[in-house]
Chemist: 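First the structure, then my questions, so here it is.
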Number of protein chains: 2
Amino acid sequence: MVTIKQVAEKANVSTATVSRVINGNYPVSEKVKNKVMKTIKELGYRPNSIARSLKCNKTYMVGMVVPDISNNYFMDIARGVESVISPLGYSLIFCSTDENTDKELRLLNALNDKRVDYVLLASSTQEDHKLQKFIDQGMNIIMIDTSLENLQTDSVVEDNYNATYKLISYVIDQGHKRIGAVNGLLSVSTAKERYNGFCKALEDHDIPLEQSYIVNGAYNRRKTYEEVKFMIQRNINKLPTVLFAANNDMAEGAMIALKEMNLKIPDDISLVSFGDINLAELIEPRLTIISQNAVLIGEKAGELMLKKVSGNSEHDITKVTIPSEIIIRNSVKSI
Amino acid sequence: MVTIKQVAEKANVSTATVSRVINGNYPVSEKVKNKVMKTIKELGYRPNSIARSLKCNKTYMVGMVVPDISNNYFMDIARGVESVISPLGYSLIFCSTDENTDKELRLLNALNDKRVDYVLLASSTQEDHKLQKFIDQGMNIIMIDTSLENLQTDSVVEDNYNATYKLISYVIDQGHKRIGAVNGLLSVSTAKERYNGFCKALEDHDIPLEQSYIVNGAYNRRKTYEEVKFMIQRNINKLPTVLFAANNDMAEGAMIALKEMNLKIPDDISLVSFGDINLAELIEPRLTIISQNAVLIGEKAGELMLKKVSGNSEHDITKVTIPSEIIIRNSVKSI
DNA sequence: ATGAAAGCGCTAACAA
DNA sequence: TTGTTAGCGCTTTCAT
């Protein structure tokens with residue numbers, strides 16, 4: 001690889017001058033500039049970002065840490081982030097924790113060692129004090145999707161509680177009284193908030209919460225598939241009339257389980273979901289859902305990051321909440 | 001951030017000694033080692049990978065460049081790669097070219113500047129000489145999914161030609177004579193090879209190739225959706241009896257288009273695909289497909305990279321071809 | 001077994 | 001406008 005020194009020698013100037021023409025941040029005479037640029041072309045010189053990073057304390061890399069790399073929702077967020085940061089020269093390092101606190105901490109350490117400029121974190125740990133350590137060390141973190149109450153940091157999240165409350169209220173309005181839920185890990189803020197909204201809606205409408213209808217900790221498709229089958233078998237004599245899936249993956253798992261058990265949606269059992277499933281256009285019935293805008297979350301997070309690194313509003317902590325709306329389709333039976 | 005120098009001072013040793021205990025590559029007395037490790041803990045010191053990279057010419061970063069970040073197929077490859085390289089300390093930088101040659105070249109340049117140790121490239125350009133430049137500059141490239149004939153580089157690809165040939169032969173055996181195809185960009189090797197297998201199967205069975213049934217360049221879901229609708233309208237008086245979609249995304253687009261036009265699969269028109277669609281478990285009818293193993297491709301690519309960086313077989317060029325098999329389900333009508 | 005010092009490729013303060 | 005030089009944080013050679 002050709003270095004700035006080789007360019008300087010060949011062009012008979014100092015490395016400083018070469019640096020100046022590359023960065024255009026100090027005056028250089030036209031004549032010298034042309035000579036240097038010509039030499040750069042000839043030699044095919046490209047500046048070494050590693051050296052630059054070391055010198056300038058800036059890597060133009062941002063880490064994105066999510067619980068599940070195969071969930072489309074997080075991929076969409078990543079696309080949103082990418083679309084706003086990539087034009088400014090930033091690259092994304094994408095990591096998956098598999099909902100594992102240890103792995104999350106390890107990844108955060110690795111990103112810290114790599115001196116990424118920012119990390120966008122969809123955390124699935126509740127150990128805020130451990131995350132606080134990273135922040136104290138000077139790591140820049142924006143929480144996405146999830147948030148941790150006691151953590152002094154920026155975040156871009158959805159209005160989980162209110163959206164779920166509205167969705168479940170709608171379900172109750174349709175006459176449902178036996179209402180089940182498939183929750184993620186309740187240690188994760190999104191899952192917790194959604195479940196809280198769920199419970200509050202039941203409470204406000206005097207609907208009893210039937211513990212046997214609640215599935216906990218089935219955060220991915222396969223686990224949900226299995227757990228929902230258990231739950232249905234367990235309650236085969238008195239099934240819930242409707243199920244609330246707390247995210248897209250779980251809705252998919254639940255649908256597959258119900259289909260396999262020959263329970264038709266919504267005739268035999270209704271289903272609603274927080275977030276839309278894949279390829280919803282092709283799947284019958286169309287699910288009634290809370291629509292998420294994952295790409296938008298990514299864009300907001302990207303913009304927030306850019307604002308922070310540019311030095312504006314450096315120290316105030318910002319919390320962006322993306323509103324969610326209910327999309328009523330045809331997976332809920334009127335009773 | 002605390003540096004090695006601060007550790008050295010506090011522990012009353014030289015930076016060299018600290019370096020030695022961190023890396024464990026030179027003898028250090030037990031006593032000194034303990035003292036240093038204790039200091040490292042106390043100070044919360046973490047080595048700066050940027051500085052390391054600069055010194056050692058090794059970044060432990062690998063770039064992955066794909067045409068479409070929202071296609072699950074590439075995400076699965078990424079997961080495969082990640083699973084084998086991450087345990088050895090490598091991180092993935094994930095980039096999407098949107099099938100745009102310029103953007104591809106720009107990303108490659110950026111990754112080159114970042115001095116990534118390797119790049120895994122699913123290229124959608126045919127400008128092999130431009131890619132050759134990167135290789136000549138010393139960039140390490142493994143082609144994944146796609147390959148370029150004239151390029152001296154390792155690759156991990158599928159057996160596109162033969163698999164498609166077999167699938168189309170099966171379709172013909174079912175009595176089909178009016179056979180359409182939805183191709184990606186024929187400039188991309190995978191698309192080209194699949195289409196060649198398609199044509200050869202027709203030829204060998206004396207089936208005429210009806211140009212009007214061929215859709216070209218609709219590489220993503222939305223474009224395919226639109227183009228297939230055009231194609232159907234164009235041929236409304238004499239529809240093809242079967243369609244071959246050259247990848248999962250296009251199969252999805254085609255399915256949505258057909259559904260919207262009230263053409264039932266397989267009663268009104270049959271459909272086969274190279275690669276499986278999302279959430280196939282929930283979508284009727286189950287598609288007859290060539291099954292791909294994207295995760296395996298990723299794993300193979302990751303392993304190949306690891307082998308190369310470890311210095312084994314450094315100079316021979318390896319071509320791994322993953323076999324594909326046909327999965328017959330029920331989207332093809334027997335005529 | 002340990003320390004001193006050079007150097008990876010670059011930028012920026014200082015001098016000229 | 002340009003050059004000299006120090007230094008970013010680390011590894012490693014060469015002495016000791």
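Worth knowing before you read on, the calculation uses all heavy atoms, side chains too, and leaves out hydrogens, waters and symmetry mates. Letters A, B, ... mirror the listed sequences (proteins, then strands); counts begin at 1.
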Chemist: Quick one about A/D136 and A/Q132 (side-chain donor to acceptor, distance below 3.5 Å, no hydrogens or angles considered), yes or no?
Modeler: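 A pair is found: one side chain offers a donor N or O, the other an acceptor, under 3.5 Å apart.
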Chemist: What nucleic acid atoms does B/T17 come within less than 4.0 Å of, heavy atoms only: base, sugar-phosphate, or nothing?
Modeler: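 Sugar-phosphate contact only - B/T17 comes under 4.0 Å of backbone atoms but never of a base.
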Chemist: Between B/K319 and B/D154, does any side-chain N to carboxylate O distance fall below 4.0 Å?
Modeler: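 Looking at B/K319 and B/D154, the cut-off is not met.
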Chemist: Has B/K133 got more than 12 heavy atoms of other residues, nucleotides or ligands less than 6.0 Å from its NZ?
Modeler: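 Counting other residues, nucleotides and ligands, NZ of B/K133 stays at 12 neighbours or fewer.
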Chemist: Please state whether the base of C/dG9 and the side chain of A/K55 form at least one donor-acceptor pair under 3.5 Å?
Modeler: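 A donor-acceptor contact between them is absent.
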Chemist: For B/R20 and C/dG3, what is the distance between atoms CZ and P respectively, to the nearest whole Å?
Modeler: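 One finds 8 Å between P of C/dG3 and CZ of B/R20, rounded.
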Chemist: By nearest nucleotide on DNA chain C, pick out whichever of B/T15 and B/V32 is the more 5' one.
Modeler: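 Nearer the 5' end of the strand: B/V32.
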Chemist: Calculate the interatomic distance between B/K114 atom NZ and C/dC10 atom C1'; express it in whole Å.
Modeler: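 Distance, rounded to whole Å: 16 Å.
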Chemist: Provide, to the nearest angstrom, the distance between the CG atom belonging to A/N12 and the P atom belonging to D/dT1.
Modeler: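 Distance, rounded to whole Å: 20 Å.
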Chemist: Using only side-chain N and O atoms of A/T3, determine if any of them is under 4.0 Å from OP1 or OP2 of C/dC8.
Modeler: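 Checking A/T3 against C/dC8: no side-chain N or O falls below 4.0 Å of OP1 or OP2.
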Chemist: Report yes or no: does B/S14 contribute a side-chain atom to a donor-acceptor pair with the main-chain N or O of B/T17 at less than 3.5 Å?
Modeler: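 Judged by distance alone, yes, a pair lies under 3.5 Å.
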Chemist: Measure from the side-chain N and O atoms of A/N112 to the backbone N and O of A/L108, and report whether any donor-acceptor pair falls under 3.5 Å.
Modeler: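 Flag not set: sc A/N112 to bb A/L108 has no pair under 3.5 Å.
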Chemist: Estimate the overall bend of the helix from C/dA1-D/dT16 to C/dA16-D/dT1 from the end axes over five pairs each, rounded to 10 degrees.
Modeler: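 That helix has its two terminal axes inclined by roughly 40°.
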Chemist: Considering only side-chain heavy atoms of B/A16, which listed nucleotide, D/dT11, C/dG3, C/dA13, is closest?
Modeler: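 Side chain of B/A16 sits closest to C/dG3.
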Chemist: Distance criterion of 3.5 Å, no angle test: do you see the side chain of B/R46 paired donor-to-acceptor with the base of D/dG9?
Modeler: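 It does not, because no donor-acceptor pair links the side chain of B/R46 to the base of D/dG9 below 3.5 Å.
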Chemist: Can you check the A/I22 CD1 to C/dC10 P distance for me, whole Å?
Modeler: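 A/I22 atom CD1 is separated from C/dC10 atom P by 7 Å.
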Chemist: In Å and rounded to the nearest 0.5 Å, what is the CG to OH distance from A/N71 to A/Y219?
Modeler: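 Output value for this atom pair is 12.0 Å.
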Chemist: What I want to check is whether the side chains of A/T59 and A/D117 have a donor and an acceptor closer together than 3.5 Å.
Modeler: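 A pair is found: one side chain offers a donor N or O, the other an acceptor, under 3.5 Å apart.
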Chemist: Say whether, by atom type as modelled, one donor and one acceptor occur between the side chain of A/D68 and the main chain of A/S70 under 3.5 angstrom.
Modeler: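 Flag set: sc A/D68 to bb A/S70 pair under 3.5 Å.
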Chemist: Within the structure shown, what part of the strands sits under 4.0 Å from B/N25 by heavy-atom distance: base, sugar-phosphate, or nothing?
Modeler: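 Sugar-phosphate, no base atom in range.
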Chemist: I want to confirm an ordering. Mapping B/N57 and B/Y26 to their closest nucleotides on DNA chain C, which one lands closer to the 5' end?
Modeler: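 In this pair, the answer is B/Y26.
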Chemist: When you get a sec, tell me which of D/dG3, C/dT11, C/dG3 is the closest nucleotide to the side chain of A/S14?
Modeler: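 That would be D/dG3.
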Chemist: Separation of B/K35 atom NZ from C/dA1 atom P, in whole Å?
Modeler: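 From B/K35 NZ to C/dA1 P: 15 Å.
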Chemist: Within less than 4.0 Å of OP1 or OP2 of D/dT11, is there a side-chain N or O belonging to B/R52?
Modeler: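 Indeed, a polar side-chain atom of B/R52 lies that close.
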Chemist: Is the distance from OP1 or OP2 of C/dT11 to the nearest side-chain N or O of A/S19 less than 4.0 Å?
Modeler: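 Checking A/S19 against C/dT11: at least one side-chain N or O falls below 4.0 Å of OP1 or OP2.
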Chemist: Expressed in angstrom and rounded to an integer, what is the separation of B/K5 atom NZ from D/dC8 atom C1'?
Modeler: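 These atoms are roughly 11 Å apart.
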Chemist: From the options C/dA4, C/dC8, C/dC10, select the nucleotide whose nearest atom is closest to the side chain of B/L54.
Modeler: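 Selected nucleotide: C/dC8.
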Chemist: Is there a side-chain polar atom (N or O) of A/N23 under 4.0 Å from OP1 or OP2 of C/dT11?
Modeler: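 Yes, A/N23 has a side-chain N/O under 4.0 Å of OP1/OP2 on C/dT11.
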Chemist: How close or far is atom P of C/dC10 from atom CZ of B/R115, stated in whole angstroms?
Modeler: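 Rounded to whole Å, this separation is 7 Å.
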Chemist: Rounded to the nearest Å, what distance is computed from the CD1 atom of residue B/I50 to the P atom of nucleotide D/dT11?
Modeler: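 The answer, rounded to whole Å, is 13 Å.
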